[in-house]
Amino acid sequence: MNLQRFNDVLHYIEAHITETIAIDDLARCAMLSPYNLQKLFTVLTGIPLGEYIRRRKLSRSLFELLETKQFILDIALQYGYAGPDNYTKACKKYFGCTPSDIRAKRQTVSAFPKLSIHVQIKGGSSMNYRVEQLDAFQVVGVKESYASMDERVKKSQPFGNSSLVHIKSNSY
């Protein structure tokens, strides 16, 4: 997927944040199937597409809550919640307090920022190398599965600190 198309998906979400956002519309924007868009989005961002949209709607609604005098019901409906109870439940889940508490006490809560994708290419420097002839040897590996990229990074060991043992073999 072209990164510009991915950014187009993010811009579409922001432009239509107060509307019902259909995954099919986002998939057309990305020129992918809905399934592939959702998988790719999760791989690139670490968060499912639907969850990203929910968090962005909730975060954008905070501005309305803190900076306007709109009724909480109106804000809830504007951002696609079925009513104030659903909105209150979502606020409690993500922010740990109700919309009324946020507004009345001007509580500080963490909003979920808009994502944007940027690519920075590094490298281009020469690399010294040499080709060597080695005796036959056996390569051994360990296959591991991880639920997320964060888990993989936390559990992986830097190259060279591996607990693998070098096995030498003279023949195959």
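Everything numeric in this text was worked out from a predicted model, so none of it was measured.
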Going only through I, L, V, M, F, W and Y residues with side-chain contacts under 4.5 Å, is there a path from [X] to [Y]?
X: L3; Y: L10; value: yes
X: L44; Y: I47; value: yes
X: L134; Y: V139; value: yes
X: M31; Y: I21; value: no
X: F63; Y: I72; value: no

- Query: Can you list the residues that meet the salt bridge (charged side-chain N to carboxylate O under 4.0 Å, His left out) rule with D74, with sequence neighbours excluded?
  - Reply: none
- For R55, the salt bridge (charged side-chain N to carboxylate O under 4.0 Å, His left out) test, sequence neighbours excluded, returns E51
So which atom in [X] and which in [Y] form the shortest heavy-atom distance, rounded to 0.1 Å?
X: T45; Y: L115; value: CG2-CD1, 3.6 Å
X: A90; Y: L58; value: O-CD2, 3.6 Å
X: S33; Y: A27; value: C-CB, 3.9 Å
X: P84; Y: L73; value: CD-CD1, 3.4 Å

- Message: Working note: I53 + L26, criterion side-chain contact (heavy atoms from CB on, under 4.5 Å); need CA distance, chi angles, decisive distance, verdict.
- Response: CA-CA 11 Å; I53 293 169; L26 296 175; 3.9 Å; yes
- Query: Going by atom types alone, do Y87 and S61 pair a side-chain donor with an acceptor below 3.5 Å?
  - Reply: yes
- Would R103 and I75 satisfy side-chain contact (heavy atoms from CB on, under 4.5 Å), going step by step from the backbone distance to the final call? CA-CA 12 Å; R103 178 175 270 172; I75 294 171; 3.7 Å; yes
- Query: So do the side chains of P99 and T88 get within less than 4.5 Å of each other, counting heavy atoms only?
  - Reply: yes
- Query: Do Y79 and L62 have side-chain heavy atoms sitting under 4.5 Å apart?
  - Reply: no
- Crowded around K89 NZ? As in, over 12 foreign heavy atoms under 6.0 Å? no
- Task: With sequence neighbours excluded, give me every ring pair (Phe, Tyr, Trp, His ring centres under 6.0 Å) pair touching residues 17-40.
- Result: none
- Message: If you apply the rule side-chain contact (heavy atoms from CB on, under 4.5 Å), what do you find for L49 with T42, and how did you get there?
- Response: CA-CA 7 Å; L49 180 56; T42 302; 5.8 Å; no
- Salt bridge present between D8 and R5 (N-O < 4.0 angstrom): no
- Query: Got a second to check how far C29's SG is from F6's CZ, nearest 0.5 Å?
  - Reply: 11.0 Å
- Query: Distance from R56 atom CZ to K114 atom NZ, nearest 0.5 Å?
  - Reply: 8.0 Å
- Note on the structure: The ring-ring contact (aromatic ring centres under 6.0 Å, His included) partner of F112 among Y94, Y52, F95 is Y52
- side chain to side chain contact (heavy atoms under 4.5 Å, CB included), paired with K57, selected from T18, I17, I13: I17
